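The structure appears below as structure tokens.
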Amino acid sequence: MTIQAFTQDQVRALRTARFSERAHAIQSGLPTERVRIKFFTGAFNAFFRRNECLFNVYAGDDDTTLIGTYYQNALTEFRE
């Protein structure tokens with residue numbers, strides 16, 4: 001799996017994404033609709049041995065619906 005490279009400006013402008021098929025296969029109960037995302041930080045993903053973005057993922061339009069913090073590879077179809 002190739003991770004999409006984002007510039008700092010691009011990653012901070014991202015607002016929504018979907019969970020990938022792989023994420024759904026690993027963790028049941030994830031939303032199938034688009035979710036709101038906020039860039040959190042960059043971190044080394046030891047499983048894949050690469051640096052990735054970490055995103056806070058929200059089910060709703062506010063910060064009270066936090067689902068969790070996920071590596072970039074768990075998300076797809078990023079949009080601003």
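Given the structure is predicted, the values throughout are model-derived calculations rather than measurements.
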Hey, would you say the F19 and Y70 ring centroids sit under 6.0 Å apart? yes
Run the side chain to side chain contact (heavy atoms under 4.5 Å, CB included) test on F47 and N73 for me, step by step, so that the C-alpha distance in whole Å, both residues' side-chain angles and the decisive distance to 0.1 Å come before the verdict. CA-CA 11 Å; F47 183 79; N73 75 67; over 6 Å; no
Mind listing the closest non-hydrogen atom pair of A17 and L75 along with its distance? CB-CB, 4.2 Å
Are T64 and D62 close enough that a side-chain donor and a side-chain acceptor fall under 3.5 Å? yes
Rounded to the nearest 0.5 Å, the CD atom of Q27 sits from the CD1 atom of I67 at a distance of 9.0 Å
State plainly whether one hydrophobic cluster holds both F39 and L54, where clusters connect Ile, Leu, Val, Met, Phe, Trp and Tyr through side-chain heavy atoms under 4.5 angstrom apart. no
Tell me the closest heavy-atom pair linking A23 and A74, and the distance in Å. CB-O, 3.5 Å
Contacts of type salt bridge (charged side-chain N to carboxylate O under 4.0 Å, His left out), residue D63, not counting sequence neighbours: R36, K38
How many angstroms lie between atom CD of E21 and atom OG1 of T76, to the nearest 0.5 angstrom? 9.0 Å
Linking I/L/V/M/F/W/Y whenever any side-chain heavy atoms sit under 4.5 Å apart, do Y71 and F40 land together? yes
More than 12 heavy atoms from other groups under 6.0 Å of CD on E33: yes
Show the numbers, then the answer: is there a side chain to side chain contact (heavy atoms under 4.5 Å, CB included) between F44 and R49? CA-CA 7 Å; F44 184 73; R49 299 176 193 247; 4.1 Å; yes
Angle between ring planes, F78 versus F6, binned at 30° and 60°: parallel, tilted or perpendicular? perpendicular
Nearest non-hydrogen partners of E52 and R50, listed with the distance: OE2-NE, 3.0 Å
Could you tell me whether the side chain of R22 reaches within less than 4.5 Å of the side chain of I26, counting heavy atoms only? yes
Beyond-backbone contact of I37 with Y58, side-chain heavy atoms, under 4.5 angstrom: no
Calculate, to the nearest 0.5 Å, the distance between atoms CD and CG belonging to Q72 and N51 respectively. 11.0 Å
Please name all residues satisfying salt bridge (charged side-chain N to carboxylate O under 4.0 Å, His left out) with E77, sequence neighbours left out, ordered by chain then number. R18, R34
